[in-house]
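Scroll down for the structure; my scribbles are underneath it.
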Protein chains: 2
Amino acid sequence: MRKNRSPKPPEPCLLTECMQVIAGAWAPNVIWSLRAGPRRFNELKTDIPPVSSKVLSARLSELEERGVLVRHVRPTSPPSVEYELTALGEELIPALEAIVEVGHKLKQLRGYEPASEAAE
Amino acid sequence: MRKNRSPKPPEPCLLTECMQVIAGAWAPNVIWSLRAGPRRFNELKTDIPPVSSKVLSARLSELEERGVLVRHVRPTSPPSVEYELTALGEELIPALEAIVEVGHKLKQLRGYEPASEAAE
DNA sequence: AATCATAGTTACCATTAGAAACCTACTTGT
DNA sequence: ACAAGTAGGTTTCTAATGGTAACTATGATT
């Protein structure tokens with residue numbers, strides 16, 4: 001039996017830990033939408049068209065529990081609610097920026113590697 | 001009715017596109033484990049202890065279809081299978097590094113913000 | 001009084017993930 | 001020869017997650 005040939009990743013857990021903070025459908029998009037400033041529920045819904053109220057609501061609660069964002073209720077006529085990133089939430093932005101960066105490169109490479117669903 | 005107050009994110013879709021490439025349970029960990037070189041099925045399983053064979057197998061198939069990694073079957077005694085990142089797969093590493101970076105900062109901040117599950 | 005907007009909640013169904021057992025081909029031990 | 005072990009999965013079953021659509025409460029507007 002052989003031992004590890006490649007030097008094993010020193011901290012696989014840190015990856016997982018951060019992923020758990022941004023886990024859940026549309027969570028990265030929510031954080032991304034909030035990076036420019038606070039936004040309201042329906043603004044987030046139009047920022048992220050495919051998300052439903054239910055999932056957005058669930059995601060916002062979870063992200064609040066995780067300390068990624070805060071919820072402010074303002075006593076306007078129909079009470080308006082604003083969501084805003086915390087300091088912890090802002091720490092996540094560089095990672096999301098890196099992901100968006102990769103998004104650009106992926107479009108180029110996908111021209112050469114058609115490994116999508118054209119195959120039988 | 002008011003219009004968008006914060007300048008809306010210019011490319012929310014690129015985030016989603018990249019996230020779809022690394023979507024699925026343990027997919028980021030698989031890519032992370034492969035960043036140092038090719039690895040075999042059971043090596044990946046021990047790299048990522050909580051993953052089950054079924055999910056790992058599903059993830060590897062998906063990542064192969066997406067062009068993130070390639071599967072090499074080598075005609076050894078019990079045929080051994082190696083998984084290796086493609087060029088596209090390697091493009092993802094900077095994003096994962098950024099996520100790991102954030103993982104470090106999160107540990108510090110979490111000391112100040114206990115918003116986990118202690119609440120009622 | 002009926003309607004609308006905001007910020008959700010609820011019910012129902014489809015998909016995904018996780019746990020554990022099982023499978024096939026080949027090698028080694030007795 | 002026969003049993004067990006190893007590599008790389010697949011199958012089955014259950015639990016959690018996500019998607020769709022309908023519904024709700026409060027106050028403002030017509």
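Just so it is clear: chains get the letters A, B, ... in the order the sequence lines come, proteins before strands, and each one is counted from 1.
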Separation of [X] atom [atom1] from [N] atom [atom2], in whole Å?
X       : N      : atom1 : atom2 : result
B/Gln20 : D/dG18 : CD    : P     : 14 Å
B/Leu44 : D/dA7  : CG    : C1'   : 13 Å
A/Arg40 : C/dA7  : CZ    : C1'   : 9 Å
B/Leu56 : C/dG18 : CG    : C1'   : 13 Å
A/Glu62 : C/dG8  : CD    : P     : 14 Å
A/Asn42 : C/dG8  : CG    : P     : 9 Å
B/Arg39 : D/dA7  : CZ    : C1'   : 15 Å
B/Glu82 : D/dG8  : CD    : P     : 9 Å

Restricting to nitrogen or oxygen on both sides, can you table the protein-nucleotides 9-11 of chain D pairs closer than 3.5 Å?
unit_1 : atom_1 : unit_2  : atom_2 : d
D/dG9  : OP1    : B/Arg71 : NH1    : 2.3
D/dG9  : OP2    : B/Arg71 : NH1    : 3.4
D/dG9  : OP2    : B/Tyr83 : OH     : 2.5
D/dT10 : OP2    : B/Ser57 : OG     : 2.8

**Request:** Determine the minimum heavy-atom distance between B/Pro79 and B/Val73, stating which atoms define it.
**Result:**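 Heavy atoms of B/Pro79 and B/Val73 come nearest at CB-CG1, 4.3 Å.
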**Asked** What heavy-atom pair brings A/Ala23 and A/Glu62 nearest, and what distance separates the two atoms?
**Response**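 For A/Ala23 versus A/Glu62, the nearest heavy atoms are O-OE1, 4.4 Å.
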**Request:** Evaluate the criterion side-chain contact (heavy atoms from CB on, under 4.5 Å) for residue pair A/Val68 and A/Leu34; output intermediate values, then yes/no.
**Result:** CA-CA 11 Å; A/Val68 173; A/Leu34 290 177; over 6 Å; no
**Request:** Look at the side-chain N and O atoms of A/Trp26 and state whether any lies under 4.0 Å from the OP1 or OP2 oxygen of D/dG19.
**Result:**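 Affirmative; the distance criterion is met.
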**Prompt:** Side-chain N or O of B/Arg74 less than 4.0 angstrom from OP1 or OP2 on D/dA7?
**Reply:**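 Answer no for this pair, as no side-chain N or O of B/Arg74 is under 4.0 Å from OP1 or OP2.
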**Request:** Please answer: with hydrophobic residues joined when any side-chain heavy atoms are less than 4.5 Å apart, are A/Ile31 and A/Val55 in the same cluster?
**Result:**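 Both belong to a single hydrophobic cluster.
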**Message:** Let me check something: do B/Phe41 and B/Leu44 share a hydrophobic cluster, defined by ILVMFWY side-chain heavy atoms less than 4.5 Å apart, either directly or through other members?
**Reply:**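 In one cluster with B/Phe41: B/Leu44, yes.
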**Prompt:** So does A/Arg71 pair up with A/Glu64, basic N to acidic O under 4.0 Å?
**Reply:**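 Looking at A/Glu64 together with A/Arg71, the answer is no, because their closest N to O distance does not fall below 4.0 Å.
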**Request:** Could you check B/Leu96 against B/Ile99 for side-chain contact (heavy atoms from CB on, under 4.5 Å), going step by step and ending with a plain yes or no?
**Result:** CA-CA 5 Å; B/Leu96 297 182; B/Ile99 292 172; 4.1 Å; yes
Using atom names, set out every protein N or O paired with an N or O of nucleotides 24-30 of chain C below 3.5 Å, distance rounded to 0.1 Å.
none

**Item:** Working for side-chain contact (heavy atoms from CB on, under 4.5 Å), residues B/Leu88 and B/Arg66
**Value:** CA-CA 9 Å; B/Leu88 188 148; B/Arg66 295 173 195 163; over 6 Å; no
**Item:** Stepwise side-chain contact (heavy atoms from CB on, under 4.5 Å) test for A/Val30 and A/Leu63
**Value:** CA-CA 9 Å; A/Val30 168; A/Leu63 291 174; 4.0 Å; yes
